[in-house]
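It should be emphasised that the depicted structure is a prediction, and the values quoted were computed from it without experimental measurement. Here is the naming used below: chain letters follow the sequence lines, and residue numbers restart at 1 for every chain.
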Amino acid sequence: MTRSVAGSRWLLAFLPLLWPLTAQAQPAATATLNTGDTAWMITATVLVLFMTLPGLALFYGGLVRAQNVLSVLMHCFAVTCIASVLWVAGLYSLSFSEGNGWIGDLQHIGLRGIGVGELNGRTYPETVFVMFQMTFAIITPGLIIGALVERMKFTAMMLFTALWLIVVYAPVAHWVWGGGWMQKEGVLDLAGGIVVHTTAGVSALILAWFLGPRADFRARIHPPHSPGMVMIGASMLWVGWFGFNAGSQGGANAAAGMTMLVTHIAAAVASLTWTLIEWRKAGKPGLVGIVTGMVAGLATVTPASGNIGPMGAVILGVLAGIVCYFACGLIKQRLQIDDALDVFAVHGVGGMMGSILVGVLGTATFGGSGVTSAGAQLVTQIKAVGFTALWSAAGTVLIVLVIKATVGLRVGQEAEYTGLDQAEHGETAYHLD
Amino acid sequence: MTRSVAGSRWLLAFLPLLWPLTAQAQPAATATLNTGDTAWMITATVLVLFMTLPGLALFYGGLVRAQNVLSVLMHCFAVTCIASVLWVAGLYSLSFSEGNGWIGDLQHIGLRGIGVGELNGRTYPETVFVMFQMTFAIITPGLIIGALVERMKFTAMMLFTALWLIVVYAPVAHWVWGGGWMQKEGVLDLAGGIVVHTTAGVSALILAWFLGPRADFRARIHPPHSPGMVMIGASMLWVGWFGFNAGSQGGANAAAGMTMLVTHIAAAVASLTWTLIEWRKAGKPGLVGIVTGMVAGLATVTPASGNIGPMGAVILGVLAGIVCYFACGLIKQRLQIDDALDVFAVHGVGGMMGSILVGVLGTATFGGSGVTSAGAQLVTQIKAVGFTALWSAAGTVLIVLVIKATVGLRVGQEAEYTGLDQAEHGETAYHLD
Amino acid sequence: MTRSVAGSRWLLAFLPLLWPLTAQAQPAATATLNTGDTAWMITATVLVLFMTLPGLALFYGGLVRAQNVLSVLMHCFAVTCIASVLWVAGLYSLSFSEGNGWIGDLQHIGLRGIGVGELNGRTYPETVFVMFQMTFAIITPGLIIGALVERMKFTAMMLFTALWLIVVYAPVAHWVWGGGWMQKEGVLDLAGGIVVHTTAGVSALILAWFLGPRADFRARIHPPHSPGMVMIGASMLWVGWFGFNAGSQGGANAAAGMTMLVTHIAAAVASLTWTLIEWRKAGKPGLVGIVTGMVAGLATVTPASGNIGPMGAVILGVLAGIVCYFACGLIKQRLQIDDALDVFAVHGVGGMMGSILVGVLGTATFGGSGVTSAGAQLVTQIKAVGFTALWSAAGTVLIVLVIKATVGLRVGQEAEYTGLDQAEHGETAYHLD
Amino acid sequence: MKLIKAIIKPFKLQEVRQALSSIGVEGMTVTEVKGFGRQKGHTEIYRGSEYTVDFLPKTMVEIAVAADRVGEVINTISKAASSGKIGDGKIFVLPLEHVVRIRTGEVGHEAL
Amino acid sequence: MKLIKAIIKPFKLQEVRQALSSIGVEGMTVTEVKGFGRQKGHTEIYRGSEYTVDFLPKTMVEIAVAADRVGEVINTISKAASSGKIGDGKIFVLPLEHVVRIRTGEVGHEAL
Amino acid sequence: MKLIKAIIKPFKLQEVRQALSSIGVEGMTVTEVKGFGRQKGHTEIYRGSEYTVDFLPKTMVEIAVAADRVGEVINTISKAASSGKIGDGKIFVLPLEHVVRIRTGEVGHEAL
Ligand SMILES: Nc1ncnc2c1ncn2[C@@H]1O[C@H](COP(=O)(O)OP(=O)(O)O)[C@@H](O)[C@H]1O
Ligand SMILES: Nc1ncnc2c1ncn2[C@@H]1O[C@H](COP(=O)(O)OP(=O)(O)O)[C@@H](O)[C@H]1O
Ligand SMILES: Nc1ncnc2c1ncn2[C@@H]1O[C@H](COP(=O)(O)OP(=O)(O)O)[C@@H](O)[C@H]1O
């Protein structure tokens, strides 16, 4: 299916099939529950939730000023809650029930029909699959928070998250993982270079552009108020990411083991690469730098981690360190877009890069598996990444317009000066005396 | 068994059967070890320990003043150690060996007779069961710490914990989970609405009343010194709670999956409910508020999480948010009891509510399972909650009297002003310069 | 093999066999993948990585001055990355491929020959084994950081780590766990009393001696800048340690359960023991004290945790509390060696003690298993500990000389006064206003 | 006009503020400081080694007042801040030549 | 010479510094303080209970200047620090008898 | 009596205290401040962007002394605080009219 055809069909596709005409029986699943797979998938789910709470929250919270740290933690927490509720209400069904190539149907609305014993063809309960995928629907809008910190209204952020999950996340998840058109075309994206990082990264950039820069973005930006907090959060992201990537193999199997290994290698290599560049460029190797390199490495390896070998992981790690480092400067210094915590440069760029390069690194030449023709796979990957980026951008513009017309995007100037913790949440982060 | 009969029998019951007359052989266990179940139960144990260290410690530590934070962390840590030692020494045996309906015997004193290969009818080693249950015996007195912060002597707290585990926890654990009379009557309490939250909540309230309020409780209370720390702790409680609830299913099975799902839903719904109320009442949605809502939701769903479906979880989440919110004000403002960190209002009220409502929400009408007659089950649940609350109150009064007569409950006035960190532990929390 | 013979052979042994003359096929492995074991081993790996990031980093970071905390976090993070890369590059092969009694060969250089499906005789993928062992190769040099804080150059620390892993860690890991001479002699060391704690502890002491004390070590040392951070890190070490010890059983089996249990008991008992001593000696029970006791208990039980029962765990816990407490004073006050965070006194002394005492406590008399003749086993254990200590010391001296001759060990005086965060990394830990 | 700088024990701040308020003095500026004097710091003991914390946390209260109220203010502070124990602190009085209220531009006594 | 102590709103510090810099005053010492005055603190509400934070964070800027520049400096600060709302702060002027620059030993105006 | 305010580099505090102690001055009050002056702040670089920290952490030592000891105290501080590099700081001397020791009610020189 070419993009133009896709473009013409989607409006049609979304509407009539939302409610399944006949509640189709699932194809007879012959799988039985495997306790080892179940044990690992529950654990992986816990790990991915841990990535957001408190991992991502701390990673982001430490990067802002002390007067805004609570608002960041609050955003992450509230996004977790709202995404969870929407997921159960209907998004799981839209993402993972049959539907058509563009969107699932509503047969599992309110988790209808997902009984205790339901396996749905897997070796672990569907309830666990619902939960595992929910943690992805939590962290993805969570990532976007990094772009909007220190100035966006709490209400606006909540509304954005809800709409974004419906308009951007659920469709893309369906395309790539829920049996949609990209999956049918053979797109490779084990754990979300497209579904998670491309959507979040692109949307973050667009949102940051609409929000405008923080008050003193041009004159003087403030250093991270707590690099230690950043590092704690990053460490939790690292350990949790094994749930993210290896968990996406759906069981405690050999593939999960290799996924774990290449995930780790890419993270370590990207950290060192970033640090070396920073050391040369800025004179000193910093803590915020090394952990940012790690996150870049993990975002980059995520889509590829089901198909590459150690060699591919090293290559992705090096590229993540280099490309994401310079992307940060490009966005902030050149384009002067205040994507405050570099969501696009680190997650977006990394995720897109990995999503494309798996087409090459997944070949046997690079010790990978699952890619037989690099050329054809590259085309598939690039098309998927490109289309997802466009969709995310368009969806974000739409949502921003809605918010501007309703609750408004940005807090007032005084609130921004005082800090969102006081202004929006009535709290103070550090009463140390 | 009616309460009056129970009352008359218990004194007798406790004494003669403590030491088993004949070391009875366990009934021939036909179960074999399942590695998946074992993997999950070890992991669940780690998660529950993580809830206390550092989860609960941070959740509580962030809520007090900066001059008392170390004392809170110390309390949590020391309670973990003393509870572990007592559990191994005799409490496991009292709770989980056969004994009679009121208390176990001492056949497993010092873990006698629990060999490496022992399964005791489970699909995972009894050593792991000992550990899993130990983490419950740790966190339950840990919860009570929230009531006594900023003024109780360290020695008094330690003595309280030791006596309370013997007098309150071990018997109640035996009644509900160890084959005791409540279990025989068919009480439902998957993971401790009765054993954990009712006992801890009620005891906390009584203890707070005896301790008296903190020095400036009426004039001015101090805001949480670190809402961020509160949130980190709460996040760890959230992720750890999957070990608590889903782990209580004793394996990596379908029931564990559903338990995980409903646990999560209740937490998310309660968080949002609490926040909406706070937003309306206090003008702003705060971070401490949303995470308190989450804890309330989790405490409430805990006893019910083995029997309800998603719909029941939503109902419990909403109720937890509303009822626990107003309970906080009731205890502190109306009754003027300085249950400092709202242990009764959040854990006690939530846990009791969930323990009772499982009688209704566990019916098929609400998508639950395991309850056929709501009426009969409600009677069983209410009786169990009520009796446990009374037992906890009476036990606490007794222990408080012992402590008053010996080491004394409360630190001196100067120590309270200076802060317990310096006065009791000789340490300072923040040397930031 | 006696030590003198060993001494004469090792130089020879290391060289010719590094590259396998014939890439020997592995002995036909009849094992099949067990999902439960795999689930637990992946989880255990995550837990051990979590011990370093952020566990150990926080445990150490909280103990230093506020001006050096980021440098400690940076060290831990960078060590993780460099150790990961070296492990993949060649150290795994040197440690765990066949080779000879002294060192493995290079057949797995760059993880050559470790395919997705490879089990290598285990019930879980070799990729997971590579990862699990990697986390040990990360935390071991990580421990040494405690000796060098607040004064060592970042470059020197990195160089030290790299060389130390090659010269000390990989050989010792091969001797004890990789099929080397100690393993053949029947040395018992489940999870690294010799491989981890003896090597790190002894090397830390030597390195501290060469580095010299911190500027004001004699006049006035500064209290831990954040005992709360120390406690958070310690708590993470505690929960992670179950991955460390129980994970070393290689599966979700009965042995893992008992290992978990005895590990926990030793930690709790050592914490209380340390606290009681401190209470008596220093007048007050402190938070840093109780958590140090816990770490001492865990280090001590680590080598023995596969062979002892609960009684042995209690004995080791008591000894750990007492002996390590007084070892701290001995090193710092008597010997005036500024092993800043007591790596030798806590980890080294504890690990050596446990490694030796398993020879006695592993007998059936003490409820242990696997030791039939205490006398013979004691000789084996003492020889292994002694030889490893000597090897570690010699290796460290060698590396220190190389560093002194190249990049230099220590930062300048002004950098030390200003703090390493600014001087070495250009960052500030707390911008709280 | 005079500037009164009082160094007091931190936990006495509330009492001092209330006492000043009761005599009509509402404006003041408070700084956390470290005090060295006759009262000595303390030691913290970690792992058997003594760590010296040689300063004491103190609170400095600065109050600008009209010259004729100095005596009253000093007495009020003295009473409220006193615990009778060493380290209760000191009160310093400095000459103050000029005061401006930024918001209104008022000067002198008007601005206090 | 005079010592000027200005108590201002923290978010005005940048503007004040730039304004002073533009009239050639580069040296100053800044302290974070807590202010009590007509502007009142705020309440934080947790779990339905009100917690009072009765001070306001303020910033104190101390500037030593030659006597003849006092008027200019006061005006500059006043303008830059003013938001027209209550709590904008105060400027105090104290006599300064002697100044030494530690590095060079210069004294008096040289040392400013 | 005089009030001496010395702004010094933080890491010199110990030396200054010891030096003052050796001439019999034991009482002092210390505040952490931020300094602006000829010595410039630094930049921190994160992810390729420069962040300016334009103040320098400094330590302010306030010492009340009898007028006749001012010279000696200034010299002592100067010597101990000097590193010869820019940013070593300044010493200000202000007139001090009155001192009260809260605990005893002693005033003037007695109270120092
Ligand atoms: N000469 C001084 N100059 C400035 N501050 C002083 C002086 N002497 C004492 N102080 C301050 O007063 C505080 C209390 O003084 P101290 O001598 O300890 O007890 P007391 O107030 O009982 O005389 C000190 O901690 C210090 O902050
Ligand atoms: N008499 C005073 N002495 C010292 N500081 C004062 C005095 N009055 C006010 N201040 C300081 O000035 C700040 C602003 O004063 P305030 O009365 O709130 O408003 P305004 O500046 O508009 O008069 C206070 O927060 C306090 O720090
Ligand atoms: N005019 C001034 N008023 C108040 N403080 C000043 C003044 N000039 C300098 N300072 C303080 O003295 C510190 C050192 O001054 P600076 O000009 O950097 O170097 P130096 O002490 O070598 O002259 C500054 O950081 C500031 O805290």
Side-chain angles (χ1 to χ4, degrees), chain A residues 34-41 43-44 47 65-67 123 222-228 231-232 234-236 238-240 242-243 246 251-261 264-265 267-269 271-272 275 282-288 290-291 294 309-311 314 369 429-430 432, chain C residues 33-43 45-47 49-50 52-55 57-58 61 69-71 73-74 77-78 80-85 88 110-111 114-119 124-131 134 154 229 232 252 421 423-433:
Chain A
N34 177 297
T35 57
D37 289 345
T38 303
W40 169 233
M41 291 310 295
T43 305
L47 286 172
R65 300 177 66 181
Q67 56 186 16
T123 56
H222 299 270
H225 93 281
S226 177
M231 182 273 188
I232 301 175
S235 298
M236 291 172 173
W238 194 339
V239 298
F242 295 115
N253 46 42
M258 183 55 91
T259 295
M260 178 179 215
L261 179 61
H264 186 86
I265 293 173
V269 171
S271 302
L272 292 175
T275 301
K284 286 172 181 170
L287 180 63
V288 169
I290 199 169
V291 305
M294 175 215 88
M311 198 198 315
V314 171
S369 66
Y430 302 100
L432 297 192
Chain C
L33 188 145
N34 177 296
T35 58
D37 289 345
T38 304
W40 168 234
M41 291 311 294
I42 294 179
T43 305
T45 303
V46 171
L47 286 171
L49 182 60
F50 187 56
T52 305
L53 296 183
L58 296 177
V69 54
L70 299 183
S71 78
L73 305 186
M74 181 76 185
F77 206 95
T80 300
C81 298
I82 193 87
S84 300
V85 169
V88 167
L111 303 186
I114 298 177
V116 176
E118 186 63 71
L119 291 179
Y124 58 97
E126 185 165 11
T127 50
V128 176
F129 182 70
V130 170
M131 281 297 302
M134 182 200 282
F154 180 65
M229 186 184 277
I232 301 174
D421 293 359
E424 292 271 291
H425 308 291
E427 293 173 300
T428 309
Y430 303 100
H431 285 293
L432 296 192
D433 48 282

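Taking the six-membered ring where tryptophan is involved, the planes of C:H425 and C:F154 are perpendicular, since the angle between them exceeds 60° and thus also 30°.
Options A:T38, A:L287, A:V314, A:V239 differ in how many heavy-atom pairs under 4.5 Å they form with chain C, and the most are formed by A:L287. Between chain C and the options A:P223, A:A255, A:G240, heavy-atom pairs under 4.5 Å are most frequent for A:P223. Put simply, of A:L432, A:T259, A:N253, A:V269, the one with the most heavy-atom pairs under 4.5 Å next to chain C is A:N253. Among A:G286, A:P310, A:A66, the residue making the largest number of heavy-atom pairs under 4.5 Å with chain C is A:G286. Of the residues considered (C:I42, C:I114, C:L33, C:L111), C:I42 shows the highest number of contacts with chain A, using heavy-atom pairs under 4.5 Å. Counting heavy-atom pairs closer than 4.5 Å to chain A, the top residue among C:L73, C:V128, C:N34 is C:L73.
Aromatic pair C:F77/A:W238: centroids less than 6.0 angstrom apart.
With a 4.5 angstrom heavy-atom cutoff, A:P227 touches chain C via backbone and side-chain atoms both. For chain A, the nearby part of C:T428 is the backbone; its heavy atoms alone come within less than 4.5 Å. With a 4.5 Å cut-off on non-hydrogen atoms, C:E427 touches chain A through its side chain but not through its backbone. In this structure, the portion of A:T43 lying under 4.5 Å from any heavy atom of chain C is its side chain and not its backbone. Only the backbone of C:A423 comes within contact range of chain A, judged by heavy atoms closer than 4.5 Å. Interface remark: A:T275 contributes side-chain atoms only to the contact with chain C (heavy atom separation under 4.5 Å). Using a 4.5 Å cut-off between heavy atoms, A:V291 contacts chain C through both its backbone and its side chain. Neither the backbone nor the side chain of A:M41 comes within less than 4.5 Å of any heavy atom in chain C. For C:V88, the part lying under 4.5 angstrom from a heavy atom of chain A is the side chain only. Heavy atoms of A:L261 lying under 4.5 Å from chain C belong to its backbone as well as its side chain. Interface residue C:P125: only side-chain heavy atoms are found under 4.5 Å from chain A.
The line from CE of A:M260 to OG1 of C:T127 is 9.0 Å long, rounded to the nearest 0.5 Å. Note that the CG atom of C:L53 and the CD1 atom of A:I232 stand 11.0 Å from one another [nearest 0.5 Å]. Separating the OG atom in A:S226 from the CE atom in A:M231 is a distance of 11.5 Å, to the nearest 0.5 Å. Here the CD atom belonging to A:Q67 is positioned 13.5 Å from the NE2 atom belonging to C:H431, to the nearest 0.5 angstrom. We find the CZ-NE2 distance between A:F242 and A:H264 to be 5.5 Å, quoted to the nearest 0.5 Å.
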Assess the residue pair C:M229 and C:V69 against the criterion (side chain to side chain contact (heavy atoms under 4.5 Å, CB included)); give the C-alpha distance rounded to whole Å, side-chain angles, the decisive distance to 0.1 Å, and a yes or no. CA-CA 10 Å; C:M229 186 184 277; C:V69 54; 4.1 Å; yes

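Residues A:A39 and C:A39 approach most closely at CB-CB, 4.2 Å, considering heavy atoms.
Looking only at atom types and distance, the side chain of A:D37 has a donor-acceptor partner in the side chain of A:T123 under 3.5 Å away. A donor atom on one side chain and an acceptor atom on the other are not found under 3.5 Å apart for A:H225 and A:R65.
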